J.: 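This structure is in structure tokens; I'll ask about it shortly.
Owing to the predicted nature of the structure, the values given are computational and were not obtained by experimental measurement.
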Amino acid sequence: LIGIVHIKQAFTVAPDAQSEARITNRITKGMADDWTLSSSAAGVRVSTIGTTVVLQGSVRSNYERQAIEKLARQTDGVQAVDNRLEITKK
């Protein structure tokens, strides 16, 4: 074709609800399997919107806050983590 120098096809595949649920389940299971987390970590709410994970709730220490965020960041399919966890000492 005369005048066309380059054609670029750019598209992104949006994650589906199954992918979001899979990410959420992997993180929730990872927290349950981590013996270093206190029982308060069981109350952490994990939700996934697209490729972003939102962590909400209370934990007992900064260590737990960071450990849960790290777990979320290392989960396949996660591109961002919104860590809203609060530290409450009980």
J.: K29: which residues meet the salt bridge (Lys or Arg N to Asp or Glu O under 4.0 Å) condition with it, sequence neighbours left out?
T.: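 Residues passing salt bridge (Lys or Arg N to Asp or Glu O under 4.0 Å) with K29: D33.
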J.: Are the side chains of N62 and I87 in touch, meaning some heavy atoms are under 4.5 Å apart?
T.: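 In contact.
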J.: Is it the case that the side chain of T52 and the backbone of T48 share a donor-acceptor pair, with hydrogens and angles ignored and the cut-off at 3.5 Å?
T.: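 Pair absent, no side-chain N/O of T52 close to backbone of T48.
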J.: Can you tell me how far CD of E86 sits from OG of S58, rounded to the nearest 0.5 angstrom?
T.: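 Interatomic distance, S58 OG to E86 CD, rounded to 0.5 Å: 5.5 Å.
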J.: With rounding to the nearest 0.5 Å, note down the distance linking CG in N83 to CD in Q56.
T.: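 Rounded to the nearest 0.5 Å, the CG-CD separation comes to 10.0 Å.
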J.: Do the non-hydrogen side-chain atoms of S40 and E64 ever get within less than 4.5 Å of each other?
T.: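 They are in contact (side-chain heavy atoms under 4.5 Å apart), so the answer is yes.
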J.: Between D34 (side chain only) and G30 (backbone N and O only), is there a donor and an acceptor less than 3.5 Å apart?
T.: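 Absent.
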J.: Can you list everything that forms a side-chain contact (heavy atoms from CB on, under 4.5 Å) with S47? Sequence neighbours excluded, please.
T.: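 Applying side-chain contact (heavy atoms from CB on, under 4.5 Å) to S47 gives V54.
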J.: Determine the minimum heavy-atom distance between D76 and I23, stating which atoms define it.
T.: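 Between these two residues, the closest heavy atoms are O-CG1, 3.7 Å.
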J.: Are any side-chain N or O atoms of E20 and backbone N or O atoms of G50, one a donor and one an acceptor, separated by less than 3.5 Å?
T.: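 Side chain of E20 to backbone of G50: a pair is present.
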J.: Verify side chain to side chain contact (heavy atoms under 4.5 Å, CB included) between Q66 and S61, making sure each step is shown before the conclusion.
T.: CA-CA 9 Å; Q66 291 175 349; S61 67; over 6 Å; no
J.: Would you sort out whether M31 and L37 count as a side chain to side chain contact (heavy atoms under 4.5 Å, CB included), showing the intermediate values?
T.: CA-CA 7 Å; M31 290 188 321; L37 299 177; 4.1 Å; yes
J.: Decide side chain to side chain contact (heavy atoms under 4.5 Å, CB included) for L55 and D82; before the verdict, give the C-alpha distance in whole Å, the side-chain angles of both, and the deciding distance to 0.1 Å.
T.: CA-CA 6 Å; L55 304 171; D82 181 1; over 6 Å; no
J.: With the side chain counted from C-beta on, respond yes when I27 and V53 share a heavy-atom pair under 4.5 Å apart, and no when they do not.
T.: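 I27 reaches V53 side chain to side chain.
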J.: Can you see which heavy atom on I68 is nearest to which on A41, and at what distance?
T.: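 Closest approach of I68 to A41, heavy atoms only: CD1-CB, 4.1 Å.
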J.: Donor-acceptor pair, distance only, cut-off 3.5 Å: does the side chain of R65 make one with the backbone of L85?
T.: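 Side chain of R65 to backbone of L85, a donor-acceptor pair under 3.5 Å: yes, one is there.
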J.: Please identify each residue that fulfils salt bridge (Lys or Arg N to Asp or Glu O under 4.0 Å) with R73, with sequence neighbours left out.
T.: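 Applying salt bridge (Lys or Arg N to Asp or Glu O under 4.0 Å) to R73 gives E69.
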